[in-house]
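All remarks here apply to the structure that follows.
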Amino acid sequence: MARKFIVGGNWKMNGNTASIGEIVKFLTAGNLDPNTEVVVGVPAIYLKDVRAQLPCSIGVAAQNCYKVPSGAFTGEISPAMIKDVSCDWVILGHSERRTVFGESDELIAEKVAHALDCGLRVIACIGEKLEEREAGKTEEVVFRQTKALACQIKDWSNVVLAYEPVWAIGTGKTATPEQAQDVHDALRQWLCKNVSKEVADSVRIQYGGSVTAANAKELASKPDIDGFLVGGASLKPDFVTIVNAKC
Ligand code: PEP
């Protein structure tokens, strides 16, 4: 089954009305490859504005949400709220949520399950830290994170996995195409054994970690890399080159 290439831009906690206007300009003017799905992860306060400004061919994602529909959870937003402002995606489990905000595998999996139940599409992030890679524990870590997700996910059709080695995020140190391909292949084998062959064949696995206009094409040539989750470079016109890496 052909997996449609999907590139996400994670703006993180960056931008303001003016700079986001500039991003919208290059996204709408930029001749994006129609064979690649594009999603931008927007700070919550700008979701509604950005959704109104971008064509519907570009998905808009929240960068987080909570695990229940409403209630006394100061500072949180719910999947229902994301849907209410006409956005269809959420990024969950980003390494910054795991490390800065202490989110556990279990909490992330519960959030993913609730977001899916509410009809959102989810980019679920996993990835090992440098010390875990150096200790030879990359597979152990990403399998543990994926297992927590798999315990909660009933239907994988609205899930995209993003493999983001933590040591490559925002550091300028990209995983080599071979390192990324090896982990994506291992993840697909894990899914085949522990979920189903159909899910293993169909789920899209993005690579994230210092993807740039210069390295995107080579990474995109690997058979199990189905797209990217891009941080820093998604704020710049270079993002268009990354989106078009398969052309
Ligand atoms: C990210 O935030 O998911 C990311 C991959 O960041 P960067 O591209 O800046 O490394």
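Source: prediction; values computed, not measured. The first residue of the sequence shown is numbered 1, and numbering continues consecutively from there. Whatever order the structure lists them in is the order used to number ligands and atoms, beginning at 1.
- E103 and R97 are joined by a salt bridge, as a carboxylate oxygen and a charged side-chain nitrogen come within less than 4.0 angstrom of each other.
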Extract all donor-acceptor atom pairs below 3.5 Å that involve side chains of residues 56-70 and protein atoms in other chains or at least two apart in sequence.
residue	atom	partner	partner atom	Å
Q63	NE2	K12	O	3.0
Q63	NE2	G41	O	3.0
N64	OD1	K111	NZ	2.8

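- For ligand 1, the protein residues placed under 4.0 Å by at least one non-hydrogen atom are N10, K12, H94, E164, A168, I169, G170, G208, G209, S210, L229, V230, G231, G232.
- More than 12 heavy-atom neighbours from other residues, nucleotides or ligands sit within 6.0 angstrom of NZ on K222.
- Judged purely by distance below 3.5 Å, without hydrogens or angles, the side chains of E198 and W156 never pair a donor atom with an acceptor atom.
- For K147, the NZ atom sits in a loose shell: 12 or fewer heavy atoms of surrounding residues, nucleotides or ligands are nearer than 6.0 Å.
- The environment of N31 atom CG is sparse: at most 12 non-hydrogen atoms of other residues, nucleotides or ligands sit within 6.0 angstrom.
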